[in-house]
Structures are given as C-alpha cells and as structure tokens.
Amino acid sequence: MSKVLKYSYDFEKGVPVMPANASARKNKTGTWRIWKPEINYDKCVKCKICFTLCPHGAISWKGKPVIDYTFCKGCLICADNCPVKAINFEREVK
Amino acid sequence: MEHLATGNESAALAARLARAQCIPVYPITPQTELIETIAKWVANGDFDTEFFTVDSEHSVMSAAVGASATGARVFTATSSQGLLLMNEVLYIASGMRLPIVMVNVSRGLSAPITLWSDHDDFLNQRGAGWLQVHAQNNQEVLDSVLMAFKISEDRRVLLPSMVNMDGYVLSYTKEPLTVPKQKDVDTFLGKYHPKHAYFKPDKPLVQGPAVLRPEPYTYFRNQHHQASMNALIVMREVCKEFKKKFGRDYGNGLVEEYMTEDADIILVTQGSISTTAKASVNEMRKKKKKVGLLRLRTITPWPERQVREALEGARHVLVFDKNLAPGRGGMATPEIKASLYNARVEPVVTEFIVGLGGNPESIKMFEHAVRLAEHDAHGGVYWLE
Amino acid sequence: MMHMGGCTGLSKRKFNTFKDVPNKNLIEGGTPTCPGCGGELGLKLALKVMGKDTVVVNASGCMTLLTNWPTTPMKVSLIHNAIENASSTATGIVHALKALNRKMNVLCYGGDGATYDIGFQSLSGAAARGDDFVYVCYNNSCYGNTGNQWSTATPLYARTTTTPIGKKHRGNPLSRKDMAKIMGAHGVYSATACTAFPLDYMRKVEKAKKFKGLGFIDLLVNCPTNWGFEARNGIEIVKKAVLTGIWPLYEVEGGRLKINYDPGPGKFLPVEEFLKSQDRFKHLTKKEIKEIQKAVDKEWELYRAGQYWKTDEY
C-alpha cells in the first residue's frame, strides 16, 4: 500500500541525536544462544576473569559473577578462560 | 567606523565580531589572507579563540563537525579544491544539523588548474544541504557572515551556512567598509547555547548515529528539507532586523531587484559581476532601454517565488552563468527556467556563459549581451567575454 | 606458560590485578556484534579506563552498528562522523572543550582499515599537532564489517575476499604494516596490545590517557567471523599470537622502544600454533609456514640487537 508522507517540523525530534541511555537493552540477544554457560559457584574462586573478558557485558559483578541471560550470546569465552573450569555449558537448542 | 579592507579581511573581521570559538583552517589561494589575518590577532591576544591548522580541508570540516557537535560556535573558510575535498563531510555537517559558518572564496576548479574566480566550486555543492549566500561586495561579506550565524543557529533552521565571495576581485581588493561595533553585534547575535547538539559530562548524547531503517531515515531527511525551506522565512526576518540595527539591507535577503519594475529585459547575475552589470544597466537606461537586473543573493534554499515574481513581467531574461557543468551548460539557467514554469507569461530565457577562470566582465559585455538577446527569439546559449 | 594477567617489563600502576577492574560497564547489552567479538571487548575495557565523562569518536566499521536508530548500548557520549576522520573530529572536540571550559576525555575507536589506510593522514596530523586524546585501533587485520577484505594490517599469506586462494594467486602476498612504530616515530605514546592480556591493555590505555598528546594503542582483537574459528577459542588464539612472537607487545615512549614480553631466543612457540587454528590460514603449505617463521625470527633478532630503535632492554 502506498501513502503520501506528511511530517510537521519538530525541532527536538527532527535532529538525529539520541540520549546515551543504553536503550539497546530492549534487544534481547539472549535468543541467539545455542550453548548456555552456567557458573558453578562451588568451584568459582571469584577471580573476575570471566567478568573482564565477556565481550558483551552479559556478566556483571555482584561480589560474584552473575550472567544476564537476556543478553548472553553463548560465545563461551567465559567458560574457555575460567582458570578453575567453574563454568559448565550445555546445548540449549536441540 | 570606516575602514578600507579586502574581502578576506572583512570576513575575518566578521568572525572576530561574532566571537567564533573554534576556527580550524587550511591554507588555499585565494583565502590565505583570511586565515593569516585571524592568526595575527590570535598571536597578539586580540582575538580569544581556538585557532588551529589541520592536515587538509577534509580534516578542517571534520574538526568543525567535532567542535560544533561539542557546542562551540565554529567558523572556517576555504576555496575551490578544498571545498571539493571536504565534500563528503559537508553532507555530514548538514545532516547532523550543525550551525557551522564557512566562507568560500570562489575559485575555478582543476583541471585545468586556475587561481582566478568562477562559481563552479560552490554551485556544485547545492545538494549538500547547506544554506548558501553569494555576496557582491566586501561590506556584504561582513554583513552576511554576521547574519549567517543568526540564521544558522535559529531553532527553525539549525543548518550550516556558506557565504561565498569571488576570489581576487573581492578577496584581495580593498573596498570601503563600515565595521559594526562589538557590543551591537553581541546584542544582535547573543551567545551560542545549543539545545540539540552538545557534549556535556552529565548529559551523554549519541550524535550522528546509524539510521538503517528507511522510515526514520526518510523522516530525518524530510526534517532537513523543511529546515532549509524555513530558512527562506528566517533569512528575510534576519535581514529586516539587520537593517533596523545596522542600517544596511540587501533586497529582501533572498534576491535584490534593481530597476526591474518596468523592465522589458532583465539581467540575472550573482556575486561581484552584479556591480558591473548594474553600471551597465545605468548606461543602457540612459539610452532609453528598459533594462533591469535581478541579483541572486540566496542560492540555497532556492527562492523560487521571489525569482518568478521578479521575472514574470519581462519579455526577455538574460542569465549570466559564471560557471559550467559540461554537457549541461550553466547551472543557474535551468533553475531560472524551472522557476518560470508556472509564470503568468513566460519570458524568453537566454543563457550566457561568462567569466570562467576569472575572465573579466565589462559594461560593454553586458550591452553586447542585450543586443544579442534582442535578436534571439528562442533562448539560445552564448559564450561571451 | 604465561599467565594472562601480567607481562614482564611493565612497571606497576593501576589495573595490576583483575580485582582492580572497575565493576561498572559503560556499554551495556543488546549489541548486534558477533558472539565473541573482540572489538566490543576492547571498547568495553577502554571505557572502564577512560571513565564516564568521555566522548567516543567512532570511525565507520563494525562498532558503528552498535547504535542503530532508535537504540544504543552506550552510556557515554559518542559521535560518528566518517571512516577516515575520527582523529580530525577528535581534534575539533578537544579544542571546543577547551573553548567551553569543559573537562571530558576523548577516545577514538576505529578499526585497522580506518586507521592504517584511509584514516592515516588525519591520525598522523593529530599526533603531530599534539592533540590530547587516546586512539585505540581495534585490529582484526582486515576490513571486517564489509566481510574480510585486505587491509595493510593483514598478515602474510592470509586469505581475505580481495586476496582469495585461486589457481594463480594464494592469499595475501604482502607483510603487514607496523603502525605502532610509525606512530611512535611521531614522538607520541604508542603501544601494541592484545585482548588476551586485558590488564596490560588497560594499563596502556591509562598511560595513553595520561600522556599529554595523542596516545595510540594498536589492539589485536579476536574476530571469529573473519578469521574462521569458534568464538569460545578467541582469547586463546590471540594469546598465541603474542606467545609465538607474531604480535610483539611493546611500547614506544619518548623515542625509546620497550619490549613488554620476550621469553628469550628460541623460547617463542612455533608460529604454527597460531596459524593452524584459523580458517584464513588453512591453505598454508609447509614452505609458506617456514617463510612466516623465518620472518618472525628475523624480526626478533633485530629487536634483540637493538636495531629497530634505541631499545631499553638490549
């Protein structure tokens, strides 16, 4: 269907500028996952390496590492680099 | 305050009066004297601004974008090859809605290389989304730069401005200049306090983001176009205000009509050749010829209604294009013809390619053009000198 | 075996252990980058060092698509101009901040294509002018966002889409350019880094930030999509680039070059350890691998003999 476009001039909305307020949080990249990493807190020595190396900021540090599965893409860099192998992973998609 | 100043000095004075905060530059003939003048003032402590030379004109406009996006008032200047080199960033500056003011000292384009003036350089930037104004003498250069800051920073516009002056003929020629007082310019312009584009520690913004969706992309382009059309109104307002405050006016800010009310034959010019053309009109009027002149002052946005209303009464319109798009002809003539498309009566339009590479015009040349036009019933093209 | 936390040859300063890594993230989730993207990791870590009062100047490349109308993962200011003018834009921002009397840090973040090739002029100009900002080049040794085309950062014999393997030609016939040394010759702080050594990288960003003038970091990043490996192995693979001597870690300060990691003659791992794990080197013959090994050995001979620069170590 075709339509004629009519916009009114808007000084605020018409300029391509956006606030840096992490609005990308509405993109649920967790749905990309094939493998799901899980932290075994009994083995975790709280070295902070997984938190530092997560490329997508899906691991936050709350005294211990916490994976946010809304955003975790399942790259498994955390699991591969944990010095005590405290992160297990399972195939989420069959 | 009466001065004798070259076009370059006039533009530099305007930047200083406007209290431009960031001035990135790169030298190119015939603009070099402009940046040298500012450099001397900065070295003496007479002008408190961030003046710096960068590695190319592309970097000049990139630095201007960065500085204006941070929230500073930005001024710069360039010419022909430099303007073309920064072409890519011109679109970025206008798309980001940054009110940068740039003086372009027009000079013909390579190849073949020349240093003398013609209008190819800025007329090839008509699609870049800038506001473009063409000055006819040094006083108008100074006044136009001051007005450009006010027009560009207006909420209804928020677009960069280009003030054009012809190289050598204006840029290096001393003319009498009335310089406005600093405090009058301060009240006329005020300070630049952007609400739409800035970098402040407590209010993080993302500027120039990717817009990979067609609907919002179209929306932003439409807003840009509307802002440019708003400038037709804002320019007239600012010109009126300027006349009230400083006593000088330039037609209605968009076009200047000289003896066109009863004219059968109207010459259309822009830039410094207009003053010679006006002298020629005076001569021809003495010989009882009903000749007039329309000077195009605003090139973008195109003042279609003003052009049509000025020209529709005439029998014959002579457009003097001091530029060339090879394979198409002069660049102003098609736009004049398009503006006359819905006129009450369509005059015959004859195209004259003149003044390329600094080829000088003369009173006799305009008289010759009128004689040629009188025998040209179908609107041909002539190359004249 | 080298622990990724430290390198020999670096003095103690902030970011000595992983405990020192700040907890706050200035770039959050929901990004469109490939899983395991080293470029995003580099940006995340750089922002932890630069802090929240930062303007990021992004050169066109993979990171440009982090922000796509109407969403952005950024929590600090960002400007995107074009591919080749990140440094010039940063110059303008630095001067405007001075004119407006505002204190903010400026971080340029551009890929190797945007930095080594098209953006070289503006980068060199900014370094020569003494403009005070940090430039981090996230180096995946190709034009990544357009799908793995050759750049002057691409190493010898790598397969890219513009240097493909065919009957007549086999991959990239040229060695890569050494950008960190070129920038070091400008008299500014210049260093190489690697995402496998995040603390070393963060210390270098801190040094670049403190340096009065341009601070340049050439960061080797893991790029699973273009190099051809499983995302989870990314950090191990770029670590091997350092441990084989293919990616020397060094800093140039005040005209002196300082090697950060050298295990000694004959102690580097064989280059095959790095090359065999990636699809883009899968086609290499034994002869080509030997050639690469010889080139790496020769380079380290020059480093150890102090031939490359006035070196501190030798």
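Side-chain atoms are counted along with the backbone in the values below, which use heavy atoms only and exclude waters and symmetry mates. Quick note on labels: first sequence line is chain A, next is B, and so on, each numbered from 1.
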Just how far is it from atom [atom1] of [X] to atom [atom2] of [Y], taken to the nearest 0.5 Å?
X	Y	atom1	atom2	result
C/Leu97	B/Glu50	CG	CD	10.0 Å
B/Lys200	C/Asp53	NZ	CG	13.5 Å
B/Gln207	C/Asn81	CD	CG	10.5 Å
C/Gln121	B/His58	CD	NE2	9.0 Å
C/His95	B/Phe52	NE2	CZ	4.5 Å

Do you see a donor-acceptor pair shorter than 3.5 Å between the side chains of B/Ser62 and C/Ser88? no
[X] versus chain C, heavy atoms under 4.5 Å apart: side chain, backbone, both or neither?
X	result
B/Ser56	both
B/Ala64	neither
B/Ile92	side chain
B/Pro216	side chain
B/Val89	side chain

For [X] and [Y], indicate whether the former's side chain and the latter's backbone hold a donor-acceptor pair under 3.5 Å.
X	Y	result
C/Ser77	B/Leu205	yes
C/Asn85	B/Ser59	no
C/Arg102	B/Phe199	yes

Top contributor to chain B contacts, counting heavy-atom pairs under 4.5 Å, from C/Ala90, C/Ser60, C/Ala96: C/Ala96
Residue [X] excluded, over 12 heavy atoms near [atom1] under 6.0 Å:
X	atom1	answer
B/Asp48	CG	no
C/Lys98	NZ	no
C/Asn101	CG	no

What heavy-atom pair brings C/Ala82 and B/Glu88 nearest, and what distance separates the two atoms? CB-OE2, 3.7 Å
Compute the centroid of each ring, for B/Phe220 and then for C/Trp69, and state whether the two points are separated by less than 6.0 Å. yes
Is it the backbone or the side chain of [X] that comes under 4.5 Å from a heavy atom of chain B, or both, or neither?
X	answer
C/Leu65	side chain
C/Thr67	both
C/Val55	side chain

Greatest number of heavy atom pairs closer than 4.5 Å to chain C - which of B/Ala67, B/Cys22, B/Pro24: B/Ala67
If we define contacts as heavy-atom pairs under 4.5 Å, which of B/Val54, B/Thr49, B/Val60, B/Thr53 has the most with chain C? B/Val54
Do [X] and [Y] have side chains that approach each other closer than 4.5 Å (heavy atoms only, starting at C-beta)?
X	Y	answer
B/Asp55	C/Ser122	yes
C/Pro70	B/Arg213	yes
B/Gln21	C/Leu100	yes
C/Ile79	B/Met96	yes

